[in-house]
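Encoded as structure tokens, the structure appears first; notes follow it.
We name chains A, B, ... by the order of the sequence lines, and we start the count at 1 in each one. Just so it is clear, the model here is predicted, and its values are computed rather than measured.
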Amino acid sequence: MNKTSRQLVSPSGKGRETMYVLFAAILVAATCATLIFLNQKQSAVAGLESFQIRAFSDLNDKELAVFNGLYTAAVEINGIHDDEEEWLTVKQLEGELMPPFTKDSSWKKSGKYTWDRVLRPAGSMDIALYTGHPEKGKKMGSFILLFLHDHAKKQGNARTEPTHAPYEIWYHPAPGKTAPQVATDQGFISAGWKEVIAYSGEDEVKRVKG
Amino acid sequence: MSRIKIFTLAALLVICVSSQALAQEQGKKLVIGTTLHPYYSFVTNIVQDRAIVQPLIGEGFNPHNYRPQPEDIKRVMNLDVLVVNGIGHDEFAMEILGAAQMKGKIPVIFANKDVSLIPVAGNMDDLKIVNPHTFISVTTSIQQIHTIAAALAEIDPDNAKYYKKNARKYVRKLRKLKAKYMQRIADLPDMEFRCATIHGGYDYLLQDFGLQVTAVIEPNHGLKPTANQLAKTIKKIKALDVDVIFTEMHFPDKYVDTIHEETGIRIRHLSHLTGGSYTADDFEKGIEANMKALTDALVEAHAIKEGK
């Protein structure tokens, strides 16, 4: 009768395979983490200053409607001033059926804002303010569409680039807030106004594409 | 040579020279590509006969799921400039440019560059998602028309004044069109108007009228709801007490019918403005139909609330 013999065979690698697999897993994880880090799209959307708010997220839906109307009207008011050197009056804007000035059904639903135009020329600066206040009792803030046109170039000054955006929109949560005496950033900021920044298509493209 | 022969030769010479001059004149014209239908209308109204407007892709496509075709690549190679929405619906344009190796070779005008975007209202998940349907509105279309006109004026300075003048005339026309529908509802007493839309594409249109969408039915852009989501939606619509549901042409009737049967709420149609033929007045016709549907719904909702 043959006796069964037993022999214990130990793995040739003596546990090295486990180490290899573990090492490979760590290598894959590290490579993935590095690639993900390198390929991350940095948000190219500009951050806001402390005196700025974002229309998209910081205004209520009715205020956002007023802002969007104002933001679109600004392009045309600005263009007409460039061509004809006049600031359209509130009556003219109503006549042009431009929101948020024209008194239509949307105007009624969006706070019935009363608008006022004030011109404040200062040296080479041509300044116009369109200030809007909602009807009493509405939980909406005040808006100012501010135009700052620097005509220094036209007067022979060597400077060719404008030092300021042609227009800005400012917001104050108080419905009856009047415009500050000094139409500078500091004047607005110290009076508690916030500059409203649109979340634009350009911002969205930068966010998506990096 | 007889006089008749001389006259005939002279006439032929004049025709040849004129044709050549015309061809050269046409050769100078910018060829401007557009993606979605409204952009064809915007650009055509801005440039009139001083440029050639060329739709990038054929009629009758669904922008939500369009895949570039070989003929699109041929078309893009003839363009001098391309106008896109750029924030949704026409990503295919970039794919076509890439496939034709035209990226960076022609200027691309992002019509939404300066548009102030708003979130999709009534989103079932209460998330603040950017709404890319800026072309279904008069106000945000006007902003885009100004952006396109300004960009074209830089590219084609000889016609800059002409483009800007046409843009101003066109936006006035659009504002008048909107005013006509504003007038329809001018005397309605202030009331709460609650509406649901199948597709989350009408926030800008409703914003034009000082309104807001209460709920959006489709779970995500271009996606159809599952049975579970539909049941959840029906429950939510019942709770929200909406006056009307706006559906659209391409949405399957079975969903709308189910919602109508379960809730009893009236259904009206809005257009996404991205179908049909490419014409200069396509946008005006489409947006007018939408404004009519919206104001009809408002008048009807008011009559029901007044018990008429």
Side chain, backbone, both or neither: which part of [X] has an atom under 4.5 Å from a heavy atom of chain A?
| X | result |
| --- | --- |
| B/Met191 | backbone |
| B/Phe110 | side chain |
| B/Val138 | neither |

* Looking at B/Leu188, B/Ile118, B/Ile87, which has the largest count of heavy-atom pairs under 4.5 Å with chain A? ->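 Looking at each of B/Leu188, B/Ile118, B/Ile87 in turn, B/Ile118 comes out on top.
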* Considering only heavy atoms and a distance below 4.5 Å, find which of A/Ala55, A/Ala73, A/Ala198, A/Ala65 pairs most often with chain B. =>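 It is A/Ala65.
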Give each N or O donor-acceptor pair spanning chain A and chain B at a distance under 3.5 Å, with atom names and distance to 0.1 Å, or state none.
from: A/Phe56; atom 1: O; to: B/Lys128; atom 2: NZ; distance (Å): 3.2
from: A/Asn68; atom 1: OD1; to: B/Ser116; atom 2: OG; distance (Å): 2.6
from: A/Asn68; atom 1: ND2; to: B/Ser116; atom 2: O; distance (Å): 3.3
from: A/Asn68; atom 1: ND2; to: B/Gln207; atom 2: OE1; distance (Å): 3.2
from: A/Tyr71; atom 1: OH; to: B/Asp114; atom 2: O; distance (Å): 3.2
from: A/Thr72; atom 1: OG1; to: B/Gln143; atom 2: OE1; distance (Å): 2.9
from: A/Glu76; atom 1: OE1; to: B/His146; atom 2: NE2; distance (Å): 3.2
from: A/Glu76; atom 1: OE1; to: B/Arg175; atom 2: NH1; distance (Å): 3.0
from: A/Glu76; atom 1: OE2; to: B/Arg175; atom 2: NH2; distance (Å): 3.0
from: A/Asp83; atom 1: OD2; to: B/Arg168; atom 2: NH1; distance (Å): 3.4
from: A/Asp83; atom 1: OD2; to: B/Arg168; atom 2: NH2; distance (Å): 3.0
from: A/Glu96; atom 1: O; to: B/Arg175; atom 2: NE; distance (Å): 2.8
from: A/Glu96; atom 1: OE1; to: B/Arg172; atom 2: NE; distance (Å): 2.8
from: A/Glu96; atom 1: OE1; to: B/Arg175; atom 2: NH2; distance (Å): 3.4
from: A/Glu96; atom 1: OE2; to: B/Arg172; atom 2: NE; distance (Å): 3.3
from: A/Glu96; atom 1: OE2; to: B/Arg172; atom 2: NH2; distance (Å): 3.1
from: A/Ser106; atom 1: OG; to: B/Asp208; atom 2: O; distance (Å): 3.2
from: A/Ser106; atom 1: OG; to: B/Gly210; atom 2: N; distance (Å): 3.4
from: A/Lys108; atom 1: NZ; to: B/Ala186; atom 2: O; distance (Å): 2.7
from: A/Tyr199; atom 1: O; to: B/Leu117; atom 2: N; distance (Å): 2.8
from: A/Ser200; atom 1: OG; to: B/Lys113; atom 2: O; distance (Å): 3.4
from: A/Gly201; atom 1: N; to: B/Asn112; atom 2: O; distance (Å): 3.1
from: A/Gly201; atom 1: N; to: B/Val115; atom 2: O; distance (Å): 3.2
from: A/Glu202; atom 1: N; to: B/Lys113; atom 2: O; distance (Å): 3.3

* To do: Identify the heavy atoms of A/Leu97 and B/Ala179 that sit nearest to each other, and give their distance.
  =>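 Of all heavy-atom pairs spanning A/Leu97 and B/Ala179, the closest is CD1-CB, 3.8 Å.
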* Write down the atom of A/Phe56, the atom of B/Leu117, and the distance for their closest heavy-atom approach. =>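 Where A/Phe56 meets B/Leu117 most closely, the heavy atoms are CD1-O, 3.2 Å.
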* **Engaged part of A/Ile80 at the chain B interface, taking heavy atoms whose separation is under 4.5 Å** =>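 Answer is both: backbone and side chain atoms of A/Ile80 are under 4.5 Å from chain B.
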